[in-house]
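Just so you know, ligand 1 is whichever comes first in the structure, and atom 1 is the first atom listed for that ligand.
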Amino acid sequence: MLSQRARDIKPSPTLAIDSKAKAMKAEGHDVISFGVGEPDFDTPENVKEAAIKAIKDGFTKYTAVGGIDKLKDAIIAKLEKDNGLKYARNEIIVSCGAKHSLYNIMQALLGPGDEVIIPSPYWVSYPEQVSLAGATPVFVRTTEQQGFMLTPEAFEKAVTPKTKALILNSPSNPTGFAYDRPALEKIARIAVRKNIYIISDEIYEKLVYDGTQHISIASLGEDIKAMAIVVNGVSKSHAMTGWRIGYAAGPAQLVKAMTSIQSQSTSNPTSIAQMAAVEALTGPQDSVLKMAAEFDKRRIRLWEGLNSIPGFECRKPNGAFYAFPKTSALYGKSPEISSSSKLAMLLLEKAMVAVVPGDAFGDDDYIRLSYATSMKDIDRGLERIRKTLEPFA
Ligand SMILES: *Cc1c(COP(=O)(O)O)cnc(C)c1O
């Protein structure tokens with residue numbers, strides 16, 4: 001019955017482990033989840049108020065497909081202020097989440113015969129979205145020693161005449177690392193020279209630590225800006241995952257095509273959520289800073305705790321809300337923990353702790369833990385992991 005496309009697609013593996021954890025919770029088990037990929041904070045009050053006002057004002061009809069001008073202008077101002085980027089309205093599209101922006105980009109830019117370079121470990125949706133567009137994902141391994149940043153050598157080696165684009169995600173889900181300026185400059189030079197588009201997913205921009213500065217690769221010069229599509233949104237920065245507002249900024253011709261695709265699928269993102277996003281971007285930003293400060297404290301606690309578990313080795317992450325410890329030292333100890341999936345399953349069943357196996361992100365040597373959870377649960381979860389793995393150490 002199903003199309004080849006539907007048969008080929010893999011459901012999100014991060015959602016799979018999360019649903020098993022939820023099922024155990026529903027059965028009454030006290031599951032501690034390090035699996036989730038969304039802030040545990042509530043959406044800021046001023047943002048909620050803006051949405052309520054939009055409803056009361058009757059702002060509840062179709063809007064322009066690619067977003068209302070008011071929101072586009074707020075995005076333009078944000079990109080200029082935070083990233084030093086200048087865009088016009090026809091270079092901006094608002095979609096139903098950054099994931100939807102990425103989907104539109106892939107559909108508008110890629111087709112059969114195109115190759116897309118994806119540094120691994122990668123976010124789970126990139127390869128699937130590339131494949132859905134008929135193009136071919138090409139994985140290039142990055143290493144912990146290099147801070148999980150794509151090196152210019154590895155990038156250049158992966159380029160073929162078919163290479164159409166490179167996907168960058170900084171700060172990264174799952175690694176928790178951000179690219180530094182020198183690394184981005186080298187990548188940008190190669191992309192410009194070889195005519196390769198850069199899809200830059202900057203959704204974790206606001207979550208950087210230890211003085212790390214987020215840099216948008218598009219800001220490194222007019223030549224690279226012309227080849228770059230910047231993707232961002234309010235989900236992670238403003239604890240607004242359920243509102244489904246994301247956006248992309250890039251060449252007008254591409255944005256126009258993305259808008260046409262969107263016009264035949266979802267039409268506009270929710271009118272009310274657009275008004276909420278205007279407030280999120282233009283209103284007071286103290287809640288963003290407060291959330292980032294809390295994540296920072298948890299980051300340190302989780303990172304220190306992970307390194308105290310025998311067999312775990314974790315480099316200090318400097319972005320997003322993930323720790324990505326290397327766990328492969330344990331895999332030889334017992335068949336029960338001989339891979340990241342087996343380890344994750346054991347932790348869920350025996351410790352009642354949910355983590356995401358690294359193989360979901362293309363690297364079996366690691367597991368991902370999200371610290372979008374309370375300090376208390378971080379402590380309890382670490383203790384349970386330690387106890388459960390004690391016999392294997
Ligand atoms: C959460 C996430 C997104 C998607 O965010 P939405 O705006 O909620 O669709 C995009 N990229 C990465 C890497 C993410 O972790």
Table please: side-chain donor-acceptor pairs of residues 30-37 below 3.5 Å, with sequence neighbours left out.
residue	atom	partner	partner atom	Å
D30	OD1	R380	NH2	3.3
D30	OD2	R380	NH2	2.4
D30	OD2	R384	NH2	2.5
S33	OG	G35	N	3.1

Ring centroid separation F139 to Y126 under 6.0 Å = no

Under 3.5 Å donor-acceptor, Y371 side chain and K297 backbone | no

Name all pairs fulfilling the salt bridge (Lys or Arg N to Asp or Glu O under 4.0 Å) condition that reach into residues 343-356, sequence neighbours left out, sorted by first residue then second.
-> K20-E349, E336-K350

Contact residues of ligand 1 with a heavy-atom cut-off of under 4.0 Å?
-> G97, A98, K99, W123, Y126, N169, N173, D201, I203, Y204, S235, K236, R244

Hey, could you give me the NZ/CG distance between K256 and N90, rounded to the nearest 0.5 Å?
-> 10.0 Å

According to the side-chain hydrogen bond (donor to acceptor under 3.5 Å, both in side chains) rule, which pairs have a member within residues 128-142, sequence neighbours left out?
-> R141-D363

